[in-house]
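Here the structure is a predicted model, which means the values were calculated and not measured.
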Amino acid sequence: MNNQSFFLQPFASTKQLLDLKIVGKIVRNDNQLAIEYTLLGDLKEVAITPPSARPSRKHELWQDTCFEFFLGIKDSPKYWEFNLSPAGHWNVYRFDGYRQGMQEEAALIKLPFIVQQQADSLELTLDFDLDKILPVEQALEVAIATVIKDRDGEVTYWALTHQGAEADFHRRDSFIMKL
């Protein structure tokens with residue numbers, strides 16, 4: 001079992017950042033992957049889409065508050081992008097290389113996760129089987145990120161690390177966790 005905690009950093013920006021903290025953990029046990037994000041702070045300032053009665057696969061979730069992670073195949077340019085909205089909406093995209101060949105991952109037809117919100121915290125937990133997309137022995141490189149939109153519509157980008165002049169979650173040099 002591989003269990004790692006994380007703490008996301010905001011991308012350096014000139015505007016005042018909200019007083020937030022994003023922490024969590026990711027666990028791979030054989031081919032079962034569990035990731036848990038906890039957003040802490042003054043959530044009244046964060047635009048959080050309310051839970052949907054019918055969560056579904058949707059595009060462009062990253063335009064609002066969205067929890068993301070990326071799974072890369074070690075020694076290969078291929079990777080997947082997972083988008084999880086606090087509303088319960090989701091999507092998974094497969095890429096052949098850096099921002100190349102983007103397609104919805106058809107092998108995953110649902111991705112249920114749990115969202116729990118209190119006044120000063122929001123917790124999102126996903127636990128799913130990687131068997132549909134990866135063999136159990138496949139080593140992974142992981143990037144973890146979050147897009148936070150505030151009540152004024154300003155967006156900030158949070159990640160394990162930021163490797164370029166622009167916030168870019170797709171850069172393989174930011175896939176720094178090994179599972």
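Taking CG of Asp150 as the reference point, atom CG of Asp42 lies at 11.0 Å (rounded to 0.5 Å). Atom CD1 of Ile48 and atom CZ of Arg151 lie 7.0 Å apart (nearest 0.5 Å). Taken from CG in Asn83 to CD in Gln63, the straight-line distance is 11.0 Å, to the nearest 0.5 Å. If you take CG on Leu71 and CD on Glu81, they are separated by 11.0 Å, rounding to the nearest 0.5 Å. A distance of 6.0 Å separates OG in Ser85 from CZ in Phe113, rounded to the nearest 0.5 Å. Rounded to the nearest 0.5 angstrom, Thr38 OG1 and Gln116 CD are separated by 9.5 Å.
Formation of a donor-acceptor pair under 3.5 Å by the Asn91 side chain with backbone atoms of Lys58 is found in this model. Under a 3.5 Å cut-off, the side chain of Asp19 and the backbone N or O of Gly41 do not form any donor-acceptor pair. Between the side chain of Asp152 and the backbone N or O of Glu154 there is no donor-acceptor pair closer than 3.5 Å. The backbone N or O of Leu108 lies less than 3.5 Å from a partner atom in the side chain of Arg57, making a donor-acceptor pair. In this structure, Glu105 contributes its side chain and Ala107 its backbone to a donor-acceptor pair below 3.5 Å. With Arg172 contributing its side chain and Ser76 its backbone, the two residues share a donor-acceptor pair below 3.5 Å.
Minimum interatomic distance between Lys110 and Trp90 (heavy atoms only, all atoms of both residues): CA-CZ2, 3.5 Å. Considering every non-hydrogen atom in both Ala87 and Pro50, the closest pair reads CB-O, 3.3 Å. Of all heavy-atom pairs spanning Phe175 and Ala143, the tightest one is CD1-CB, 3.7 Å. Closest heavy-atom contact between Gly88 and Pro55: O-CB, 3.1 Å.
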Original post:
For Phe70 and Leu140, what are the C-alpha separation, side-chain angles and deciding distance, and is it a side chain to side chain contact (heavy atoms under 4.5 Å, CB included)?
Top reply: CA-CA 10 Å; Phe70 296 75; Leu140 294 175; over 6 Å; no
Original post:
Are Leu122 and Phe67 close enough, and set up right, to give a side chain to side chain contact (heavy atoms under 4.5 Å, CB included), and what steps lead you there?
Top reply: CA-CA 11 Å; Leu122 184 142; Phe67 297 87; 3.7 Å; yes
Subject >> Criterion side chain to side chain contact (heavy atoms under 4.5 Å, CB included) on Tyr98 and Arg171, from CA distance to verdict >> reply: CA-CA 7 Å; Tyr98 174 75; Arg171 290 177 59 118; 4.3 Å; yes
Original post:
Can you check side chain to side chain contact (heavy atoms under 4.5 Å, CB included) on Phe6 and Ile176, steps first, answer last?
Top reply: CA-CA 11 Å; Phe6 60 84; Ile176 59 173; over 6 Å; no
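Met177 and Leu33 fall within a single hydrophobic cluster, where Ile, Leu, Val, Met, Phe, Trp and Tyr are joined by side-chain heavy atoms under 4.5 Å apart, directly or via other members. Residues Leu40 and Leu43 do not share a hydrophobic cluster, defined by chaining ILVMFWY side chains whose heavy atoms lie under 4.5 Å apart. Both Val115 and Trp158 belong to a common hydrophobic cluster when Ile, Leu, Val, Met, Phe, Trp and Tyr are linked at side-chain heavy-atom distances under 4.5 angstrom. Leu61 and Leu126 fall into different hydrophobic clusters, where Ile, Leu, Val, Met, Phe, Trp and Tyr side chains are chained together by heavy-atom contacts under 4.5 Å. Both Val155 and Trp62 sit in one connected hydrophobic cluster of ILVMFWY residues. Membership requires side-chain heavy atoms under 4.5 Å apart, directly or through other members.
For the side-chain contact (heavy atoms from CB on, under 4.5 Å) criterion with Val142, the lone passing option out of Ile35, Ile26, Asn2 is Ile26. Partner of Lys149 under the side chain to side chain donor-acceptor pair (under 3.5 Å) criterion, chosen from Asp64, Thr65, Thr156: Asp64.
Leu39 is not listed as a side-chain neighbour of Thr146, based on a closest heavy-atom distance of 4.5 Å or more. The shortest side-chain heavy-atom distance between Ile148 and Ile22 falls under the 4.5 Å cut-off. Residues Lys78 and Arg94 form no side-chain contact, since every pair of their non-hydrogen atoms from C-beta on lies 4.5 Å or further apart. Side-chain contact between Leu130 and Arg28: present, with at least one pair of heavy atoms (C-beta onward) separated by less than 4.5 Å. Contact check for Glu104 versus Tyr93: side-chain heavy atoms found under the 4.5 Å cut-off. At a threshold of 4.5 Å between non-hydrogen side-chain atoms, the residues Tyr157 and Val147 count as touching. Considering only heavy atoms from C-beta on, Gln4 comes within 4.5 Å of Leu179 through its side chain. The shortest distance between side-chain heavy atoms of Leu160 and Leu8 falls below 4.5 Å.
Surrounding NZ of Lys178 are more than 12 heavy atoms belonging to other residues, nucleotides or ligands, all under 6.0 Å away. Sparse packing is recorded around CD of Glu166, with 12 or fewer heavy atoms of other residues, nucleotides or ligands lying under 6.0 Å away.
A donor and an acceptor atom, one from each side chain of Thr161 and Gln163, are located under 3.5 Å apart.
Using cut-offs of 30° and 60° on the angle between ring planes, the pair His162 and Phe169 is tilted. Using a 30° and 60° split on the angle between ring planes, Tyr79 and His170 fall in the perpendicular class, above 60°.
Here the two rings, on Phe82 and Phe128, have centers that are under 6.0 Å apart.
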